[in-house]
Amino acid sequence: MTSSPPDRAVGGAGRYAPSPSGDLHLGNLRTALLAWALARSTGRRFVLRVEDIDRVRPGAAERQLSDLARLGLDWDGPPLLQSARESEHRAVVAGLTAAGRTYECYCTRREIQAAAGAPHGAPGAYPGTCRDLTGAERARRRRERPPAVRLRAEVRSRTVVDRWAGAYTGLVDDFVLLRNDGRPAYNLAVVLDDAHQGVDQVVRGDDLLPSTPRQAHLAQVLGLDEPEWVHVPLVLNPHGRRLAKRDGAVTLAELAAAGHGAEEVLGRLAASLRLPGPARTAQDVLAVFDEDVLPRVPWVVDPARWTAQERDDAEEAASSGTCGSSGSARKRS
């Protein structure tokens, strides 16, 4: 097990929270395995959440849960459907609005992008266009376009401490809480739902690190405990871009059709984490899990190289007591 310092809140929960917009690919599965192993190795519960308030592809959530189970991951309690808590999300915003902590925003994306691109504009930041509109101006704009609801942020930046990335200071702007269709925005829902599920350890891809200061600030505004953040490197294709379905066989179903079963995929994922092998089950991963050896750089994957010959080589190496793909995986990491 890891020799890292003990966690501050053993007994809480880790989580994995995919959006059901499609099947999970190798990058998603690797992050899920890390989230599960970090939670289980520190005595935490592990919970799932289906973040279905945005794009939803029919059947995707069921396939995602099936794929996680095929890898041997288990979880505590039924998965939470984020959409089932929309009334709670809106109630929190109503409370913030009553306290003067929000305002309506009528800006289009084009208007926001134009403002951010202007001289002295902060890229990615909302410029506060609607923050101080008069009542008459709001009434006029409301007739033109339904409003989103933004947090009236009290700070412009915040520093969070990530278990892997260390101290990170990022932007906090007046971010959206409710979209102009009335549905909760991601930054609101994720903070409230993590608190609802007792999550005190958030393991996710490091592409989400820039949004973390906003979420930490909102948690503070709402009087919620800030979880431990663990942002892990992504899986990239050979061109250095985030792995995607266009890169070839990258989902469990696609890999199975090419002759690579879930057990082999799990072994490859474990090898990419520099864990000693062979790992055939999730419990094998947990038995040798050591956070100190985990790579802090992206794993580069070329799906075209997952050939039958590679599989034969991996099996031959495994029979001799080593994990055949670990050497190449370490070089790519």
Are any side-chain N or O atoms of T97 and backbone N or O atoms of V93, one a donor and one an acceptor, separated by less than 3.5 Å? yes
Can you check whether G128's main-chain N or O pairs, donor with acceptor, with D174's side chain at less than 3.5 Å? no
Presence of salt bridge, R138 and E104, under 4.0 angstrom: no
Strictly distance-based, threshold 3.5 Å: is any side-chain N or O of D162 a donor or acceptor partner for the main-chain N or O of H231? yes
Flag the pair L68 / L24 as yes when at least one side-chain heavy-atom distance between them is below 4.5 Å, and no otherwise. yes
Please give me the minimum heavy-atom distance between P295 and R30, naming the atom from each residue. CG-NH2, 3.7 Å
pair V190-R15: side-chain heavy atoms closer than 4.5 Å: yes
Name the residue from V191, L192, L177 that meets the side chain to side chain contact (heavy atoms under 4.5 Å, CB included) definition with V92. L192
Side chain of H239, backbone of R241: donor and acceptor closer than 3.5 Å? no
Under the side chain to side chain contact (heavy atoms under 4.5 Å, CB included) test against W299, which residue among L243, L269, L236, L273 passes? L269
I need the D193 CG to E51 CD distance, nearest 0.5 Å. 7.0 Å
Distance (rounded to the nearest 0.5 Å) between R183 CZ and Q82 CD: 9.0 Å
Under the side-chain contact (heavy atoms from CB on, under 4.5 Å) criterion, do V232 and V230 qualify, and how do the steps go? CA-CA 6 Å; V232 301; V230 189; 4.2 Å; yes
Do V265 and L26 touch side chain to side chain, with heavy atoms closer than 4.5 Å? yes
Ion pair check, R179 and D54, cut-off under 4.0 Å: yes
Before giving the answer on side-chain contact (heavy atoms from CB on, under 4.5 Å), spell out for D74 and W36 the whole-Å C-alpha distance, their side-chain angles and the decisive distance to 0.1 Å. CA-CA 8 Å; D74 62 342; W36 176 83; 2.7 Å; yes
Give a yes or no on whether R145 atom CZ has more than 12 heavy-atom contacts from other residues, nucleotides or ligands under 6.0 Å away. yes
Between P210 and Y168 the two heavy atoms that sit nearest each other are CA-OH, 3.4 Å
Non-hydrogen atoms of C105 and Y126 that approach each other most closely: SG-OH, 3.3 Å
Around atom CZ of R142, are there more than 12 heavy atoms from other residues, nucleotides or ligands closer than 6.0 Å? yes
Check whether any side-chain heavy atom of T251 lies under 4.5 Å from a side-chain heavy atom of R63, and answer yes or no. no
Does R45 use its side chain to pair, donor to acceptor, with the backbone of G77 at less than 3.5 Å? no
Going by the side-chain hydrogen bond (donor to acceptor under 3.5 Å, both in side chains) test, which pairs reach into residues 147-157, not counting sequence neighbours? R101-E154
Does R296 reach the main-chain N or O of L294 with its side chain, forming a donor-acceptor pair under 3.5 Å? yes
Can you tell me how far apart CG (L73) and OG1 (T281) are? Round to the nearest 0.5 Å. 10.5 Å
Taking it one step at a time, do V221 and L96 satisfy side-chain contact (heavy atoms from CB on, under 4.5 Å)? CA-CA 9 Å; V221 168; L96 290 171; 3.9 Å; yes
Side-chain contact test, heavy atoms from C-beta onward, threshold under 4.5 Å: evaluate it for L65 versus P79 and give yes or no. yes
How far apart are the closest heavy atoms of C107 and R141, and which atoms are they? N-NH2, 4.1 Å
Interatomic distance, CD@E111 vs SG@C130, rounded to 0.5 Å, equals 8.0 Å
Is a donor from one side chain sitting under 3.5 angstrom from an acceptor on the other, for R49 and Q197? yes
For L171 and A125, work out which heavy atoms get closest and say how close. CD2-CB, 3.4 Å
Of the non-hydrogen atoms in A282 and G72, which two are nearest, and what is the gap between them? CB-O, 3.5 Å
Just by distance, do the side chain of D200 and the backbone of A13 share a donor-acceptor pair under 3.5 Å? yes
Would you indicate whether the side-chain heavy atoms of R204 and T212 approach each other to under 4.5 Å? yes
Test side-chain contact (heavy atoms from CB on, under 4.5 Å) on E254 and H25; report intermediate values, then the result. CA-CA 9 Å; E254 292 166 342; H25 59 58; over 6 Å; no
Apart from L133 itself, what residues make up its hydrophobic cluster, given side-chain heavy atom links below 4.5 Å? Y106
Side chains of D194 and L224, heavy atoms from C-beta outward: is any pair under 4.5 Å? no
Taking the side chain from D247 and the backbone from A244, do they hold a donor-acceptor pair closer than 3.5 Å? yes
Are W164 and Y16 linked, directly or through other ILVMFWY residues, by side chains that come within less than 4.5 angstrom of each other? yes
Could you give the distance from CD (Q64) to CZ (R57), rounded to the nearest 0.5 Å? 10.5 Å
Compute whether any side-chain donor of one residue and acceptor of the other, for T108 and R110, lie under 3.5 angstrom apart. no
When rounded to the nearest 0.5 angstrom, what is the spacing between CD in E228 and CG in L38? 8.0 Å
If we ignore angles and hydrogens, is there a donor and acceptor under 3.5 Å between the side chains of Q215 and N187? yes
